[in-house]
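Read the structure below first, then the notes.
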Amino acid sequence: MVHDLKKEGKFTYLEVGEGTPMIVLHGLMGGLSNFDDVAAYFSANGYKVLIPELPIYTMPLLKTNVKSFAVNLDKFIAHKGFEEVILLGNSLGGHIGLLHTKLFPNKIKALVITGSSGLYESAMGDGYPKRGDYEFMKKKAEEVFYDPKVATKEIVDEVYATVNDRSKLIKTLAIAKSAIRHNMSKDLPHMHTPTCIIWGENDNVTPPDVAMEFHELLPDSDLYWIKKCGHAPMMEHPKEFNAILHKWLKERNF
């Protein structure tokens with residue numbers, strides 16, 4: 001879906017469909033293509049789906065943190081002239097969505113998080129990325145999914161290229177550290193935005209008890225599980241993910 005990208009000022013994004021705006025936020029090592037199935041499905045079902053490229057590698061190093069990205073998202077929403085949006089975020093994208101919802105609650109009609117950071121983060125696993133070690137990066141990419149085959153050569157190549165670009169690696173580590181520092185456990189009980197939590201039962205990065213803690217702390221949340229699924233349900237089980245989310249949106253009249 002890369003050919004559909006729009007560039008306006010500082011913003012680069014995908015936009016498909018017409019209807020209620022749904023803004024999708026990708027993760028740290030993720031890209032817009034992670035949400036191809038989500039974009040195709042919801043754009044055909046009454047939603048305007050927008051997937052902005054997060055400025056992970058373009059922000060100054062001192063601003064490479066979760067809060068800067070949440071503020072940048074608010075500028076994007078203002079740029080598009082939306083009064084209210086649905087936010088959907090995976091991994092770091094979920095964290096940005098959560099913090100944005102805390103900072104700008106009136107703009108967010110509903111929040112959807114899947115494999116989100118914000119409470120617990122083991123994105124770096126048992127060590128920092130090893131530059132130049134392709135097999136190590138392949139193993140790390142495969143661990144993100146229940147089925148290692150989902151980590152295609154294209155995905156592994158992209159992660160490998162990022163880690164071997166020194167400036168990108170520095171920014172990657174900066175945002176990962178920011179995510180760990182920015183724990184939201186004290187904020188969540190005060191956030192009353194309706195939240196749909198969709199989690200892989202076999203998530204190694206943000207384990208299932210993280211989803212349960214989000215569910216306990218968020219006053220108005222519903223929790224759904226996907227079996228045989230890792231950290232990125234919308235990639236591993238797109239049909240099931242879309243069905244769960246669409247049903248929830250209908251039940252909540254969003």
Side-chain angles (χ1 to χ4, degrees), residues 2 5 7-14 23-35 51-76 87 89-100 102-103 113-145 151-184 203-206 210 230-232 235:
V2 176
L5 285 184
K7 288 184 189 288
E8 293 166 2
K10 291 182 178 176
F11 304 110
T12 302
Y13 62 100
L14 175 89
I23 297 181
V24 177
L25 305 167
H26 63 79
L28 178 53
M29 290 289 193
L32 278 62
S33 63
N34 296 13
F35 289 93
I51 315 181
E53 271 185 0
L54 297 178
I56 291 170
Y57 307 121
T58 52
M59 283 268 195
L61 188 58
L62 288 172
K63 287 194 168 180
T64 304
N65 56 56
V66 179
K67 187 173 182 184
S68 289
F69 294 165
V71 171
N72 184 70
L73 172 59
D74 188 58
K75 289 176 181 169
F76 177 66
L87 279 186
N90 172 240
S91 200
L92 172 68
H95 199 164
I96 294 165
L98 283 157
L99 184 56
H100 184 279
K102 179 204 165 188
L103 297 173
I113 56 173
T114 178
S116 178
S117 57
L119 287 177
Y120 167 90
E121 187 56 77
S122 76
M124 290 300 158
D126 50 11
Y128 288 109
K130 293 178 184 172
R131 293 171 74 190
D133 188 340
Y134 188 85
E135 282 306 309
F136 177 84
M137 291 318 302
K138 183 170 183 278
K139 181 171 169 286
K140 281 285 167 208
E142 288 174 349
E143 284 172 4
V144 169
F145 305 103
T152 59
K153 185 175 185 303
E154 189 183 9
I155 288 170
V156 178
D157 286 352
E158 207 170 303
V159 173
Y160 181 75
T162 298
V163 167
N164 280 281
D165 178 325
R166 189 170 179 276
S167 73
K168 282 188 176 181
L169 178 60
I170 289 167
K171 298 269 178 85
T172 300
L173 296 178
I175 189 65
K177 285 175 183 169
S178 162
I180 293 164
R181 280 198 308 272
H182 212 113
N183 187 290
M184 295 194 64
D203 190 337
N204 295 318
V205 182
T206 44
V210 179
H231 188 55
M235 291 174 75

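Keep in mind that the numbers below use all heavy atoms, side chains included, and drop hydrogens, waters and symmetry copies.
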What is the minimum heavy-atom distance between [X] and [Y], and which atoms define it?
X: Phe145; Y: Ala232; answer: CE2-CB, 3.9 Å
X: Ile56; Y: His26; answer: CD1-CE1, 4.1 Å
X: Leu92; Y: Ser117; answer: CA-OG, 3.8 Å

Report yes or no: does [X] contribute a side-chain atom to a donor-acceptor pair with the main-chain N or O of [Y] at less than 3.5 Å?
X: Thr64; Y: Ile175; result: no
X: Thr114; Y: Asn90; result: no
X: Lys67; Y: His182; result: no
X: Ser68; Y: Lys63; result: yes
X: Ser178; Y: Ala174; result: no

Side chain to side chain, [X] and [Y], heavy atoms closer than 4.5 Å:
X: His95; Y: Phe69; answer: no
X: Asn183; Y: Leu119; answer: yes
X: Val210; Y: Asp203; answer: no

Which residues pass the side-chain contact (heavy atoms from CB on, under 4.5 Å) test with Lys102, not counting sequence neighbours?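 So Lys102 forms a side-chain contact (heavy atoms from CB on, under 4.5 Å) with Leu99, Met184, Asp187, Met191.
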Does the side-chain contact (heavy atoms from CB on, under 4.5 Å) test come out yes or no for Val144 and Ile155, once each step is laid out? CA-CA 11 Å; Val144 169; Ile155 288 170; over 6 Å; no
Are Glu143 and Lys139 close enough, and set up right, to give a salt bridge (Lys or Arg N to Asp or Glu O under 4.0 Å), and what steps lead you there? CA-CA 6 Å; Glu143 284 172 4; Lys139 181 171 169 286; 2.9 Å; yes
Only one of Ser91, Ser116, Pro52 clears side-chain contact (heavy atoms from CB on, under 4.5 Å) with Leu25; which? Pro52
Mind checking the CG-CG spacing from Leu169 to Asn164? Nearest 0.5 Å is all I need. 8.5 Å
Output all residues satisfying ring pair (Phe, Tyr, Trp, His ring centres under 6.0 Å) with Phe11, sequence neighbours left out; order by chain, then residue number.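 Phe11: ring pair (Phe, Tyr, Trp, His ring centres under 6.0 Å) contacts with Phe76, His79.
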Go through the steps to decide whether Asp74 and Leu103 satisfy the test side-chain contact (heavy atoms from CB on, under 4.5 Å), and finish with yes or no. CA-CA 9 Å; Asp74 188 58; Leu103 297 173; over 6 Å; no
Side chains of residues 27-34: which donor-acceptor partners sit under 3.5 Å, not counting sequence neighbours?
residue, atom, partner, partner atom, Å
Asn34, OD1, Gly31, N, 3.4

According to side chain to side chain donor-acceptor pair (under 3.5 Å), who are the partners of [X], at least two apart in sequence or on a separate chain?
X: Ser167; answer: Asp165
X: Asn72; answer: none
X: Asp157; answer: Tyr134, Lys153

So is Lys168 actually on top of Tyr57's ring, under 6.0 Å and inside 45° of the axis?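 Satisfied, under 6.0 Å and within 45°.
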One pair to check against side-chain contact (heavy atoms from CB on, under 4.5 Å): Met137 and Val163. What are the steps and the verdict? CA-CA 9 Å; Met137 291 318 302; Val163 167; 3.8 Å; yes
Determine whether His231 and Asn204 satisfy the following criterion, side-chain contact (heavy atoms from CB on, under 4.5 Å), listing intermediate values before the conclusion. CA-CA 7 Å; His231 188 55; Asn204 295 318; over 6 Å; no
Glu142/Lys138 ion pair, N-O < 4.0 Å: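 Answer for the salt bridge query: yes.
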